[in-house]
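Have a look at the structure below, then the notes.
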Amino acid sequence: VRRFLFENGLSLFFAGLFVATVVGQSFAGQHAYNAQQHKHGGEPASWLDYVLSPAFGGDLMENWQSEFLQFTLFILATVWLVQKGSNESKPLDSVGLESKQQQKLEGYAPDDAPRWAKARGARRVLYENSLLLVMTALFFASWAVQSLGNWREFNAEQREHGETAVSWGRYLLDPDFWTRTLQNWQSEFLAVGTMAVFTIYLRQRGSAESKPVGAPHHETGSSG
Amino acid sequence: LRPGGAGDGGGVRAVYGLYWLMIVGGLALYLVVTLSAE
């Protein structure tokens, strides 16, 4: 068990933080929701009712989609774009998809390489893009679920104010959907750009997200 | 796309499964919740 915890500490630490913060969000959200209900003379919602509401689901997915988009674009952009001196970039002479030898594909794959890296054709194309494909799918899935949750919530508000409900397609063009979407995107892009630039000159000793402390500023992609 | 060979044969795979479960579980739950809400 101790070995399992050590070898998977990074993933387990973030999984634990994820669960704790979602639970925190659900309680804080329930209180905020009930305060609104109180103001409007509505019935308060139980914790479970709130957690199983489109309002909570929409809020949750709104943040998920932007995180998956951030990684999707980061994975894709770092194939072709570089940043001199950044730990988030690969070396300047490695721009592009790289050779089969560099990527350890087909005949260049070591014995213990993933089976699909040794394959040719569709299976290899699928596997060599699997990280991007999965992140892209998760982005679109969570964005779609966000839109459905926001739409339900939007229509509930419409009805409360005696206005007509709108279709899902119409809601996708509404500023309410886009302000929720873009407010999350902007923060992700700022954070990614900041990491790309700050790791040129700033260091954290021992972190995989930093160059070694003594690495020169012009050295690109050499996490220590 | 099966994982394997990354560690002790079970541990790393368990964490990989846990993340898939959290993500797909969350997506599926709120898809059902919103589609069945009225």
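All chains are named by letter (A, B, ...) in the order of the sequence lines, taking the proteins before the strands, and each is independently numbered beginning at 1. Basis for what follows: all heavy atoms, side chains included, without hydrogens, waters or symmetry-related copies.
- A:R123 is linked by a salt bridge (charged side-chain N to carboxylate O under 4.0 Å, His left out) to nothing, counting only residues two or more places apart in sequence or in another chain.
- The local environment of CZ in A:F18 is crowded, with over 12 non-hydrogen atoms from other residues, nucleotides or ligands closer than 6.0 Å.
- Only the side chain of B:L18 comes within less than 4.5 Å of a heavy atom of chain A; its backbone N, CA, C and O stay farther away.
- Chain B forms the most heavy-atom pairs under 4.5 Å with one residue out of A:N155, A:L12, A:L138, and that residue is A:L138.
- The contact list for residues 40-71 of chain A toward chain B, using heavy atoms and a distance under 4.5 Å, reads A:V51, A:L52, A:S53, A:P54, A:F56, A:G57, A:L60, A:M61, A:W64, A:F68 by residue number.
- For A:W185, the CH2 atom is densely surrounded, since the number of other residues' heavy atoms within 6.0 Å is greater than 12.
- A donor-acceptor contact shorter than 3.5 Å is absent between the side chain of B:Y30 and the backbone of A:S142.
- Of all heavy-atom pairs spanning A:S11 and B:V15, the tightest one is CB-CG1, 3.1 Å.
- Heavy atoms from other residues, nucleotides or ligands lying under 6.0 Å from NZ of A:K90 number more than 12.
- Residue-environment remark: OH (A:Y33) stays at or below the threshold of 12 foreign heavy atoms within 6.0 Å.
- Taking all atoms of both residues into account, the shortest heavy-atom contact from A:V19 to B:M22 is CG2-SD, 4.4 Å.
- Within 6.0 Å of CZ in A:F14 there are 12 or fewer heavy atoms belonging to other residues, nucleotides or ligands.
- Between A:V134 and B:W20 there is a side-chain heavy-atom pair separated by less than 4.5 Å.
- Counting non-hydrogen atoms of other residues, nucleotides and ligands closer than 6.0 Å to CZ of A:F140 gives a total of 12 or fewer.
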